[in-house]
Amino acid sequence: MAAISARNLTKTYGELVAVDGVSLEVADGEFVGVLGPNGAGKTTLLEMIEGLRRPDGGEVHVLDEPVWPRNAGLRPRIGVQLQASSFFERLTTREQIRTFASLYGVGSGPADEWLERVGLTDKVDTRVEDLSGGQAQRLSIACALVHDPEVVFLDEPTAALDPQARRNLWDLLASINDSGRTVVLTTHYMDEAEALCDRVAVMDHGRILRFETPAVLISELDTPGTLEDVFLSLTGREYRA
Amino acid sequence: MSGRARGPFWALSLAILRGFLRDRASVFFTVLFPLMFLVLFGGLFANQDQSKVDLIQVGQVALIDDLPDGARGAFDETFEVTKDDDLAAALEEVRKGDADVALEQRGDKVIAHYTQTDQVKAAITQGTLRAFVDGANVAATGQPPKFGFEAEQVEDDSLSTIQYVTPGLLGWAVAMSAAIGAAATLQGWRQSKLLRRLQLAPVTTGTIVGARVTVTLLIALGQLAIFLGLGAAAFGLTLTGSWWMAIPLVVVGTLCFMALGLLAGALAKTTEGAVNLANFLVLPMAFLSGSFFPLDAAPKWLQRFSELLPLKHLNTGMLDVMVRGEGPSAAVVPLAILATFAIVVTALAARLFRWDTT
């Protein structure tokens, strides 16, 4: 069974072709990273797969079900962490995750357990506005996972985290994947992709340039290097948006 | 509640209500700010009695000095008398507005120097002094007066200040909080992508909108209770028979102004922009709908224009049932007009609605 199967996905905003005929298959239980410079089309691609943005062309299936037209049956089975911290204003950490849990028919017990798993037990009564960037990020991930989804999408989950929080989060993400869930994440950190991902898709200008295991990509380099060298050799060194 | 999941509707409603109650600025602008106006209008402007006329007596004025005790009392009710022997100085005071009239007597003639700056006081001064002079003339003849005069006050139809301002200010308060609440929620949730996030959860748009509407209605009914309670307890507001029809009026009025707020939220690009636009629509409308003062003195074209504004109908409906003693049927036409506005504006907002900022 394929967790994600996309064929020829295309999205255009006016003149700009954000995603240009992308096809990809993600196997059940796979951990996949989507890499690319800013403006490469990563977020738009993910949003089409999640069911947030209707593709102009192509089709996409998640867990063997069509995502479009909007498929309500898929919603409890996928978990999404968006780039921004999408919280209810002025709620505490605990109220926040319990509210999201209720939307999925999940009780407050599992919700509180998730706060523990992401290390926010001493922040349960802190309002979300008063959390640090890293704490907010962890809460946002916990809110995406509270209903125990089969496929998880994370958009730059470790942005704004300090190295301690980043490594702890890696462990968390790896454990989520070990329990059989499919994980798709976007990131700018090559070490993160190398450490966590079974395969990485390198995107630029709305297309997937390569979709391979980090080891294969690195072995193809002319001189010994890292995944970052692979990334730069694929996407060039000019500044992006 | 521990362990059990709340239904999505209640979870959302509770989250929105908590967010509102913890936002001091929102609570201030929806509850305290309009109440300040109620206190201002109801408390400070309630006493519409004329203050006394400041009268400067220059030298000897037999008319005043020789008044019998009873008449002196009546005179002092109208005039605040000070004495000054310098006519030029007294006239200067009148000219500057520090006194209303300077009075002198030359022979048998009582001369009042006054200005027309305050026409009411000028009229009172002239009328009262003339009456006292006439009275003195009658007394001088030694004959008893032929005609008597007695004044009796008739309760008039016009409303006292608190009766008029309570429904109008309530209408403004409800309109403002509904419109700004809806505009800020739509834009705020769009900015933070919470709208997107909720779209991914297994809840229908109906549940999300229903929760937001429920909380706004609760807030509006809370405003109604606070206004009527404070008005009655502190300022002598007396409600007439069908005042309870104000409840459906507030409910439909809230829906109407939520729709207006949604329109503002759909049009604006930022949360601040949405709130400002909602304010820009509601505040002038409040003035033109008689929320702060009656429009009876306004030009005819302005009165006709105000008929196009939903707030005007909310105010009129509430005035009729709350303080003018009209029956429940007086609210039917305003209710119908407000409902029509709500439907049309919601349809317009829905057409312009976008899930996110790009």
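Reminder, nothing fancy here: chain letters follow the sequence lines and each chain counts from 1. As the structure is a prediction and not an experimental result, all values here were calculated from the model.
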**Message:** If I compare all heavy atoms of B:S192 with all of A:S86, which pair ends up nearest, and what's the gap?
**Reply:** O-OG, 2.9 Å
**Request:** If a pair satisfies side chain to side chain donor-acceptor pair (under 3.5 Å) and one of its residues is in residues 112-123 of chain A, list it, with sequence neighbours excluded.
**Result:** A:R98-A:D112, A:R117-A:S175
**Asked** How many angstroms lie between CZ in B:R196 and CG in A:L82, if you round to the nearest 0.5 Å?
**Response** 8.5 Å
**Prompt:** Taking atom CZ of B:F280 as the centre, does the number of heavy atoms from other residues, nucleotides or ligands within less than 6.0 Å exceed 12?
**Reply:** no
**Prompt:** Checking B:L198 against chain A: side chain, backbone, both or neither under 4.5 Å from a heavy atom?
**Reply:** side chain
**Request:** Go through the steps for B:L12 and A:F88 under the test side-chain contact (heavy atoms from CB on, under 4.5 Å), then give the verdict.
**Result:** CA-CA 9 Å; B:L12 278 174; A:F88 292 95; 3.5 Å; yes
**Message:** Is A:T92 close to chain B through its backbone or its side chain, or both, or neither, when contacts mean heavy atoms under 4.5 Å?
**Reply:** both
**Prompt:** At what distance, to the nearest 0.5 angstrom, does CZ of B:R197 lie from CG of A:L52?
**Reply:** 9.5 Å
**Max heavy-atom pair count under 4.5 Å with chain B, selected residue of A:R127, A:H147, A:Q96** = A:R127
**Message:** Would you say that B:D23 contacts A:E89 through its side chain, given a criterion of any heavy-atom pair below 4.5 Å between the two side chains?
**Reply:** no
**Prompt:** Do A:R90 side-chain atoms and B:F20 backbone N/O form a donor-acceptor pair below 3.5 Å?
**Reply:** no
**Prompt:** Where is the tightest heavy-atom contact between A:L103 and B:P202, given as atom of each residue plus distance?
**Reply:** O-CG, 3.7 Å
**Fill in**
A:R70 meets the side-chain contact (heavy atoms from CB on, under 4.5 Å) criterion, sequence neighbours left out, with A:W68, A:R75, B:Q199
**Complete:** Closest non-hydrogen contact found for A:T99 with B:A15 is CG2-CB, 3.9 Å
**Asked** Taking everything shown except A:W170 itself, do over 12 heavy atoms lie less than 6.0 Å from its CH2?
**Response** yes
**Asked** Relative to chain B, which segment of A:F87 carries a heavy atom at a distance below 4.5 Å: side chain, backbone, both, or neither?
**Response** backbone
**Prompt:** Any Lys/Arg nitrogen of A:E95 or B:R22 sitting under 4.0 Å from an Asp/Glu carboxylate oxygen of the other?
**Reply:** yes
